[in-house]
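Please read the structure below before turning to the comments.
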Amino acid sequence: FFLIFFLILSSLYGAYVSGDIFETIRSLAAYINFFSAYFLAKVLTETEIISSVRLNRLIFLFLIALGMLQIFNLIPWLSSFLEFLVPRASSGALIEENRGVTLISTEPARAGVELIFIYFLFTLTIKRNFKVFLDLAMGFFLLLVVQSAMAFVLYLIYISLSYIKTSILIYIISGYLIVLIQSYEGGGRSLDLIRELTKVNFDEAAFILLNTGGHRVFSIWSSYNFGLFNVFGGGVGAWQNTSIQAINLTGYDISQLRYFQIYGGGGPVAIRSSGIVSNMMLDLGIFYSSIFLGSIVFYIKKTIKNLRPFWTAFPVVITFLVKILAVGSVGTPVEIFCFILYIRYIQVSRGARGMTNSTKENKIIAEN
């Protein structure tokens, strides 16, 4: 009740200070889209959870097949249909922009992040013997087919936490791969970024991340900084004004950054932040953002009560927290819906395994 009530209250304030009713409604609708997926996933019945996870398996396989068709440009005749379904979608790889495939999304970055959380649900339906192989295959798919640096880095967080005991071996292999990447041409933005970062010191690497990330990395920094100084934020829908205030508040010389050189002539320009919590910091401030994060953490702790299943889900939990803190746009419902389903499925499956003489439905859960 508080999350929705304060959201609407902030929207009224945002409409007042910005004078832009349309933008306020659009911004409010984006937040509502996210919270609708969040609340819906929380109230699904056990039968609905099982059905959703099974359907997700088909969705994941379909998206993988679609990505392979797109990267080899085998379905150009589907271009108009995909663009009708999703504006800015493409039937092939975005070669001219040095980017990969969009799947059924607006851009490779968003497609990659959504696919990661769809994959997390998919892993619940496979045998553990195949998980290592599939984790590696998924990584290569993101790197070579989707070609989104943001999605790949997010997936690396998951991989690092999933195989933390073998981190030394992973680092050795990674070092060898970096040597190969440096001598390899092509591969999209993700490989370009890796090549650049391996050739510079820390300060230069920080600048490269700010410069290469377009507005994303800088927007995260400026939004969190703004939220700390404005406890209740600047108002939902007023981001065009508050984002410029946030940029100026950092005191950073943005004239050095390519994005602001192109779109602002070296000066500040209104930008939306990356990650729903960073947007909340800008629109609603640290007070609201802290309560939202607290509600998420409390729900995870409440749902996964036992220590063993929690540590099983730990890599996915951390990856999700990084996602909502700094990755993606406000109104995307896929990630939050898949994540809540993921932890609820663990809860349901564990409860079913402890039962004897269960119903047919609970037997199905136990088998899964």
**OP:** Look at the rings of Tyr119 and Tyr158 and say which category their plane angle falls in: under 30° parallel, 30 to 60° tilted, over 60° perpendicular.
**Re:**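 Judged by the thresholds at 30° and 60°, the geometry between Tyr119 and Tyr158 is perpendicular.
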**OP:** Please work out whether the ring planes of Phe35 and Phe39 are parallel, tilted or perpendicular, with thresholds of 30° and 60°.
**Re:**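 It falls in the parallel class, under 30°.
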In the structure I gave you, are the side-chain heavy atoms of [X] and [Y] within less than 4.5 Å of one another anywhere?
{"X": "Thr319", "Y": "Phe120", "value": "yes"}
{"X": "Ile104", "Y": "Phe62", "value": "yes"}
{"X": "Phe152", "Y": "Val146", "value": "no"}
{"X": "Leu249", "Y": "Ser222", "value": "no"}
{"X": "Phe260", "Y": "Ile247", "value": "yes"}
{"X": "Gln147", "Y": "Pro108", "value": "no"}
{"X": "Phe218", "Y": "Tyr252", "value": "yes"}
{"X": "Leu293", "Y": "Ile324", "value": "yes"}

Hey, is the main chain of [Y] close enough, under 3.5 Å, to the side chain of [X] for a donor-acceptor pair?
{"X": "Asn225", "Y": "Trp221", "answer": "no"}
{"X": "Asp283", "Y": "Val236", "answer": "no"}
{"X": "Ser295", "Y": "Phe292", "answer": "yes"}

Please report the interatomic distance [atom1]([X]) to [atom2]([Y]), rounded to the nearest 0.5 Å.
{"X": "Arg344", "Y": "Lys42", "atom1": "CZ", "atom2": "NZ", "answer": "10.0 Å"}
{"X": "Ile49", "Y": "Ser349", "atom1": "CD1", "atom2": "OG", "answer": "9.0 Å"}
{"X": "Leu12", "Y": "Thr24", "atom1": "CG", "atom2": "OG1", "answer": "9.0 Å"}
{"X": "Leu341", "Y": "Leu55", "atom1": "CG", "atom2": "CG", "answer": "10.5 Å"}
{"X": "Leu284", "Y": "Leu9", "atom1": "CG", "atom2": "CG", "answer": "10.0 Å"}
{"X": "Ile75", "Y": "Phe81", "atom1": "CD1", "atom2": "CZ", "answer": "11.0 Å"}

[X], [Y]: one ILVMFWY side-chain cluster at the under-4.5 Å cut-off?
{"X": "Leu94", "Y": "Leu63", "answer": "no"}
{"X": "Ile300", "Y": "Trp311", "answer": "yes"}
{"X": "Leu85", "Y": "Trp77", "answer": "yes"}
{"X": "Ile244", "Y": "Leu282", "answer": "no"}
{"X": "Val297", "Y": "Ile336", "answer": "no"}

Original post:
Run the side chain to side chain contact (heavy atoms under 4.5 Å, CB included) check on Ser11 and Tyr16 step by step: do they pass?
Top reply: CA-CA 8 Å; Ser11 299; Tyr16 172 74; over 6 Å; no
Original post:
Ile304 and Ala313: which non-hydrogen atoms are nearest, and at how many Å?
Top reply: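 Scanning both residues, the minimum pair turns out to be CD1-CB, 4.0 Å.
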Pairwise salt bridge (charged side-chain N to carboxylate O under 4.0 Å, His left out) hits with a residue in [range], at least two apart:
{"range": "residues 131-148", "answer": "Lys131-Asp135"}
{"range": "residues 24-37", "answer": "Glu23-Arg26"}
{"range": "residues 237-251", "answer": "none"}

Return the set of residues passing side-chain hydrogen bond (donor to acceptor under 3.5 Å, both in side chains) with [X] (not counting sequence neighbours), or none when no residue passes.
{"X": "Gln245", "result": "none"}
{"X": "Thr332", "result": "Glu335"}
{"X": "Glu48", "result": "Thr45"}
{"X": "Ser255", "result": "Asp253"}

Original post:
Does the distance from a Lys or Arg side-chain N to an Asp or Glu carboxylate O, for Glu83 and Arg88, drop under 4.0 Å?
Top reply: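 Salt bridge between Glu83 and Arg88, a charged N being under 4.0 Å from a carboxylate O: no.
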With [X] via side chain to side chain contact (heavy atoms under 4.5 Å, CB included) - residues at least two apart:
{"X": "Ile21", "result": "Ala15, Ile25"}
{"X": "Phe2", "result": "Phe6, Phe287, Tyr288, Ile291"}
{"X": "Leu161", "result": "Ile157, Phe314, Pro315, Ile318"}
{"X": "Val334", "result": "Glu114, Ile118, Cys338"}

Original post:
Is it the case that Lys323 places NZ or CZ above or below the six-membered ring of Phe117, under 6.0 angstrom from the centre and within 45 degrees of the axis?
Top reply: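 No, a cation-pi geometry is absent between Lys323 and Phe117.
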Subject >> Derivation and outcome, side chain to side chain contact (heavy atoms under 4.5 Å, CB included), residues Leu115 and Ile64 >> reply: CA-CA 9 Å; Leu115 185 66; Ile64 294 296; 4.3 Å; yes
**OP:** Take atom CZ of Phe337 as the centre, draw a 6.0 Å sphere, and report whether it contains more than 12 heavy atoms from other residues, nucleotides or ligands.
**Re:**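 Yes.
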Subject >> Derivation and outcome, side chain to side chain contact (heavy atoms under 4.5 Å, CB included), residues Arg54 and Thr125 >> reply: CA-CA 8 Å; Arg54 286 179 170 176; Thr125 65; 5.9 Å; no
Subject >> Name of the residue among Ile296, Leu154, Leu325 meeting side-chain contact (heavy atoms from CB on, under 4.5 Å) with Phe320 >> reply: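 That would be Ile296; it is the only one of Ile296, Leu154, Leu325 passing the side-chain contact (heavy atoms from CB on, under 4.5 Å) with Phe320.
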Please table the atom pairs, donor to acceptor, closer than 3.5 Å between any side-chain atom in residues 266-273 and protein atoms at least two apart or in another chain.
unit_1 : atom_1 : unit_2 : atom_2 : d
Ser273 : OG     : Ser219 : O      : 3.3
Ser273 : OG     : Ser223 : OG     : 3.2
Ser273 : OG     : Ser278 : OG     : 2.8

Subject >> Verdict with reasoning, Leu44 to Leu40, per side chain to side chain contact (heavy atoms under 4.5 Å, CB included) >> reply: CA-CA 6 Å; Leu44 290 179; Leu40 175 62; 4.2 Å; yes
